[in-house]
Protein chains: 2
Amino acid sequence: MVPHLTTALTGPLLDLEKTFLAGATTIEQWLRGQWQDHTPPFYCSVDLRNAGFKLAPVDTNLFPGGFNNLNPAFQPLCVQAAMAAIEKICPDAKNLLLIPENHTRNQFYLQNVARLATILRQAGLNVRIGSLLPEINAPTALDLPDGQSLVLEPLTRLGPQGRRLGLADFNPCAILLNNDLSAGLPEILRDLNEQFLIPPPHAGWATRRKSNHFAAYDQVAEEFAKMLGIDSWLINPEFDVCDQVDFHARQGEECLAATVDAVLARIRVKYKEYGVTETPFVIVKADAGTYGMGIMTVRDASEVVGLNRKQRNKMAVVKEGLQVSDVIVQEGVYTFETVDEGVAEPVVYMMDRYVVGGFYRVHTERGRDENLNAPGMQFKPLSFDTYCSLPDPTSSPDAPPNRFFAYGVVGRLALVAAALEIEKTAPQQAA
Amino acid sequence: MVPHLTTALTGPLLDLEKTFLAGATTIEQWLRGQWQDHTPPFYCSVDLRNAGFKLAPVDTNLFPGGFNNLNPAFQPLCVQAAMAAIEKICPDAKNLLLIPENHTRNQFYLQNVARLATILRQAGLNVRIGSLLPEINAPTALDLPDGQSLVLEPLTRLGPQGRRLGLADFNPCAILLNNDLSAGLPEILRDLNEQFLIPPPHAGWATRRKSNHFAAYDQVAEEFAKMLGIDSWLINPEFDVCDQVDFHARQGEECLAATVDAVLARIRVKYKEYGVTETPFVIVKADAGTYGMGIMTVRDASEVVGLNRKQRNKMAVVKEGLQVSDVIVQEGVYTFETVDEGVAEPVVYMMDRYVVGGFYRVHTERGRDENLNAPGMQFKPLSFDTYCSLPDPTSSPDAPPNRFFAYGVVGRLALVAAALEIEKTAPQQAA
């Protein structure tokens, strides 16, 4: 099933899809060129919003969960892409240690870990799972709903002076983080100079900034749009940043209000240019951190002034109690795709430089201008049943293979931006 | 549908599949190591024979036709693998010229060319098709049964001193041969030092020798078998060569008879060791050339002595009138897979280092000890409906995912051998 695109204004999007379709070869060549200069992240998922008149990434996850939501028919693509990723990063790798989030009661998340481990095993690695949880002090089997079980094992330092990380009887060549390090780099993961840590620790949410990603995306979208001869706004959400915000102390409200105003004004200009009659809105969210905490949908600058205690508390802290001080104000992109009256947001999954599938977050209780990845949020995942790599020039621009191809293109632009971001934000190596 | 394995003696095969399954991770690591040292061919297909007690390659095609016989569900795998192949060989490639065989009336072959062109286009290349046929002196559209059409265009030399090959308005970076060069390297393909010719011309049948491939395979199978602790005979057909055979002049019959005798004796020893009660046989075929011409099934050395005129004529010439002088005597491997009473032979397809699918040649009028790729032969292709990359340790060793995994492993061993063969037989570059 493919969600229905319910916007009245599909003109520019169909134009965009047409341009992508006509330029498919050029786009692939351009992406090939990018991967000659930049190393793609090992894996990545990108939340897209399809407004009919605009198709843009709104969040790029470098520690993707949700592999369990991918269509099982795409598993061979994942395995093949994982093989390419391993070959690129650590061709000699034999043992891989996977470090997941500490959500031992979230069955969906555990299924994600199980699926990821299976993909990596089928790609030819011995995979074991090390937990950062202090209470895991012996191998612990967790039962999964599908009858499988997942064994979490305690991490330990190995070798002379404990220079390496592993399990009691498992010395990995590479360590794959499926834990976004919101709480910072744990002591046990520090100074691992002999092993590959994937992604690198500076990609974790304790140091990562959304604004760095979207600054890199600006550059990528600009170059890509120029190459295709399109307006980069059609694929790129406006944004700006306020630092030194302290919601508890009511500091930085003026900056926030001014920024919201400025971003809304930029959107209004564009809506006018394209004849979009919807009300512009922005998403105000913490520049660091994830899981949809600390997020507001704002239609007017006045809404961020004089927040009540509850609102301020909600905005001040994200996952792992990380205090919010930098705030990003991002253009809100309407989602006009619906399934059975539910709002649907596409999420594209990539491994190495390949799109390996995706799914829709379908939510019946949220509006088309709201964040669909919020705490306590119940979404129904709807696996893509169409590949993102098989555009069909003989079908209409919005036919499923072509719509999914467009998702794959924009997803990969965010992937290029992630590669740039990781390069640019890398700490200087000591000589 | 998966063919039924009808041999009484499945013991050693199940042992082999069990070993592959248990060693899946080690096998992938070993293959990864091979690809660090050797560049895989762009594409390749391998004919396998599954005797129940033995699973071995009998022919490796470096110019594979039959992409149209692959399961369309595997298309994304082909596209992804083609992307990897292009990235490896010519990342800057934009325009690719595909040169097919001269079979303009073979609808099956034309569909293969169309499918291949689609894969390469979806991988991000401008693909056009250049014909070696002298009668193609203007772009010529050929209609395909599925309603598509294929445009063949005349080849031409381009640039100063005609240093490059292309079409009138098409200057390709790379030239992909789907023509096996049985007739030698045509004048128009010579001295193309500025463009990638894939595969390299010395892989064409005018110079290629099956015995070089199987000598390389000996080495690969030996190393692989040692690593897994198995008898390499279980995956490797015995062979030997007679040169200076002239069937017309009845020269070399003694050498041939002696070689047949020797190879049969080696098979007998192995059959005894494994308790195989079938009658050993060998395949006598031209060491160069393809299309199943010049092939005999032989159970006793006396059969190759005193051949009648018809037999000699059949053996003396292969495709494109190539004269046979070198003959390979290869252990015959029974095929014990059947579909609806038809004998089934698996063919595994690879692009870059990835298995991208395969099909069975199903033939109802041939015996399980005969060559299934003979002229005039009518086979029904049966696409693999199972991937070769998803072994399932929780199922039985002969469950479809595991049987296909085994095919993928042995197919890739032949792929490694092809890489070695192409390296070893490369002409010395002038300094």
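All values below were derived from every heavy atom in this structure, side-chain atoms included, with hydrogens, water molecules and symmetry-related copies excluded. Chain letters run A, B, ... following the sequence lines, proteins first and then strands; every chain starts at 1.
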Rounded at 0.5 Å granularity, tell me how far CG in B/L96 sits from OG1 in A/T25. 11.5 Å

What distance separates A/F74 CZ from B/L77 CG, expressed to the nearest 0.5 Å? 11.0 Å

Heavy-atom closest pair, residues [X] and [Y]:
X: A/V79; Y: B/L390; result: CG2-CD2, 3.7 Å
X: B/Y354; Y: A/A84; result: OH-CB, 3.5 Å
X: A/Q80; Y: B/V355; result: OE1-O, 4.2 Å
X: B/Q29; Y: A/L125; result: NE2-CA, 4.5 Å
X: A/R353; Y: B/M83; result: NH2-O, 3.2 Å

Relative to chain B, which of A/A93, A/C388, A/P76, A/A73 shows the most heavy atom pairs under 4.5 Å? A/P76

Contact class of B/D352 relative to chain A, heavy atoms under 4.5 angstrom: neither

B/F196 CZ: over 12 foreign heavy atoms closer than 6.0 Å: no

Sub-3.5 Å donor-acceptor pair from the side chain of A/Q122 to the main-chain atoms of B/P391, do we have one? yes

Measure from the side-chain N and O atoms of B/R32 to the backbone N and O of A/K94, and report whether any donor-acceptor pair falls under 3.5 Å. no

Largest heavy-atom contact set with chain A, pairs under 4.5 Å, which of B/G33, B/A24, B/A123: B/A123

